[in-house]
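Since the model is a prediction, treat every value here as computed from it, not as a measurement. So that the names make sense, note that chain A is the first sequence line, chain B the second, and so on, each numbered from 1.
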There are 2 protein chains.
Amino acid sequence: MFMHATLRIAMNDKVFVRDPEQTELGRSIISEGVRLIDELGFEQFTFKKLASEINSTEASVYRYFENKHKLLLYLTAWYWAWLDFQIDFHTNNVTDPEHKLKIIIQIITDSTRYNLDFLPVNKAALHRIVICESSKAYLTKSVDADNKEGLFKNYKALCHKVALLVLAISPGYPYAHALVSTLLEAAHQQVFFAAHLPSLTEVRVTDNDYTQMGSFLEHLVFKAIK
Amino acid sequence: MFMHATLRIAMNDKVFVRDPEQTELGRSIISEGVRLIDELGFEQFTFKKLASEINSTEASVYRYFENKHKLLLYLTAWYWAWLDFQIDFHTNNVTDPEHKLKIIIQIITDSTRYNLDFLPVNKAALHRIVICESSKAYLTKSVDADNKEGLFKNYKALCHKVALLVLAISPGYPYAHALVSTLLEAAHQQVFFAAHLPSLTEVRVTDNDYTQMGSFLEHLVFKAIK
DNA sequence: TTTATAAAGATAGTATTACTATTATTTAAA
DNA sequence: TTTAAATAATAGTAATACTATCTTTATAAA
């Protein structure tokens, strides 16, 4: 497919000190960073541990990212942009807004399944990071400063895109963005609950089968707007 | 009101080393802990800073809580139990399940407004902590261990209670718990988004007016189950 | 081919965090 | 009044989250 070679996710340059996509070291910071955050969790993850994994030094990692919070912001922003692209690609020639929204809910629910590129990032690990860590990217005292720098732009753009579709289906619905942000967050929460606090949800995810999640979210969204 | 003097929230004793409610120092750890976490955010909050605020020592604080994560678990568990009590109290003589659910959504939306006790905890600050920090209590690598110790029991009990009500209204609805956990989480997320990332939601909260939040959530829930 | 320069590595150092341990002092109960 | 429990005071450790400096290596323009 012709897109494979050319797809690049454009990133806000405020999130990094040096663009990690431009160098070998930068790219290994990203790919090994994804692996390690997934393995250790964000709290236990440190630049020192990352540096040792990639046979580099702490100081070198700091030349790419100010701190691990910025790395998390980078990864989550990247994920949202990537999801946005997946949505565009898979709904490109779908005209019926309801059908389109259903496809989007499927993609949000099980993003890795729709993966069509060969970017050197472990999408499954990144998806797990988004599930467990992404809300930590904004639940901080620096949220307003980070927002001012545009670091949540990708998330907001995605939310807005889907909200517009909601409004196309139901022009009078007054909470399109609220519904979509709830949808996006619930899509991760419910996977987490299914895995760790299963009494909080009927949704079960076994063998990467996200069917129940999709049903729940689709039902929730379409009942709200129809 | 007679309950004021007698209301005590029963806490799981696995969450603390020494019960903070039993001593003066313990109680100041809780009340000043709430104040400081609210002020600094959970990441910047340390036991050393807390100790200095209450004119005690780090070592003394550690005699009550193993670490700050356990303190956060304590505070959130306390909040859920307290919310559960508020719900019981305010829906005690309401028989119509739909009316009951509406009242519950109001309480979840604006818990501090329904405050009826005089427990020595700043409920407004605790509510802000729940909004900004509560998901960090479970989004950790220790979630399964913490869950095994019963540290999320209060949250699960609350979720189950509301889910049963959902099922009373709509016996065939297959996602009662998923809907309620989504509701509980959304109630905090949307307040946070309204304050910090307002393009993610139409909901606005001005002067502690949570009307729009209530409308959004009520609409979402009732459309889903009716 | 030299030479500038940018990136990365090597090393060291600091302040803070997240604890643990020990001893002394105060307080409250038997 | 004795005894025990709680707290304070102090010290110490390993890890974290950085910053600084200097050297080496790769790259590419003069």
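Atom CD1 in Ile29(A) sits about 10 Å away from atom C1' in dA8(C), given to the nearest Å. When rounded to the nearest whole Å, the span between NE2 of His69(A) and P of dC18(D) equals 11 Å. At whole-Å resolution of the value, CD in Glu24(B) and C1' in dA28(C) are 14 Å apart. In this structure, the CG atom of Leu50(B) is 12 Å from the P atom of dA18(C), given to the nearest Å. Protein atom NZ of Lys68(B) is 9 Å distant from nucleotide atom P of dC19(C), rounded to whole Å. Atom P of nucleotide dT19(D) and atom CZ of Phe47(A) are separated by 11 Å, given to the nearest angstrom. In this structure, Leu71(A) atom CG and dT16(D) atom C1' are separated by 16 Å, rounded to whole Å. Rounded to whole angstrom, the span from the CZ atom of Arg27(A) across to the C1' atom of dA7(C) amounts to 14 Å.
Residues Tyr138(A) and His196(B) keep their aromatic ring centres 6.0 Å or farther apart.
Contact annotation: Lys48(B) side-chain N/O to dA18(C) OP1/OP2 distance is not under 4.0 Å. Phosphate contact (OP1/OP2 of dA7(C), side-chain N/O of Thr23(A), threshold under 4.0 Å): absent. OP1 and OP2 of dA7(C) both lie 4.0 Å or more from every side-chain N or O belonging to Tyr64(A). Distances shown here put every side-chain N or O of Thr57(B) at or beyond 4.0 Å from the OP1 or OP2 atom of dT7(D). Residue Tyr62(A) places no side-chain N or O under 4.0 Å from the OP1 or OP2 atom of dA20(D). An OP1 or OP2 oxygen of dT7(D) is reached within less than 4.0 angstrom by a side-chain nitrogen or oxygen of Arg18(B). Distances shown here put every side-chain N or O of Ser56(A) at or beyond 4.0 Å from the OP1 or OP2 atom of dA8(C). Residue Arg63(B) has no polar side-chain atom (N or O) positioned under 4.0 Å from OP1 or OP2 of dA5(D).
The nearest heavy atom of DNA chain D to Gly26(B) and to Glu58(B) marks one nucleotide each, and the one closer to the 5' end goes with Gly26(B). Residue Asn55(B) is the one, among Asn55(B) and Gln44(A), whose nearest nucleotide of DNA chain D lies closer to the 5' end (criterion: closest heavy atom).
When each of His160(B), His127(B), His188(B) is paired with Trp80(B), the ring-ring contact (aromatic ring centres under 6.0 Å, His included) condition holds for His188(B) and for no other.
With respect to Lys136(A) and Glu43(A), a salt bridge is recorded, a charged nitrogen being found less than 4.0 Å from a carboxylate O. Salt-bridge annotation for Glu21(B) and Arg27(B): absent, with no side-chain N of the basic residue lying under 4.0 Å from a carboxylate O of the acidic one. Comment: Arg35(A) engages Glu53(A) in a salt bridge, judged by a side-chain N to carboxylate O separation of less than 4.0 angstrom. By the 4.0 Å N-to-carboxylate-O rule, Asp146(B) lies too far from Lys14(B) to be salt-bridged with it.
Side-chain proximity of Lys49(B) to the nucleotides dC18(D), dG9(C), dT17(C) is greatest for dT17(C). The listed nucleotides are dA17(D), dT11(C), dC18(D); the one nearest the side chain of Asn67(A) is dC18(D). In this structure, of dA10(C), dT17(C), dT7(D), it is dT7(D) that holds the atom nearest to the side chain of Leu25(B).
If you check every strand for non-hydrogen atoms under 4.0 Å, Glu66(A) touches sugar and phosphate atoms only.
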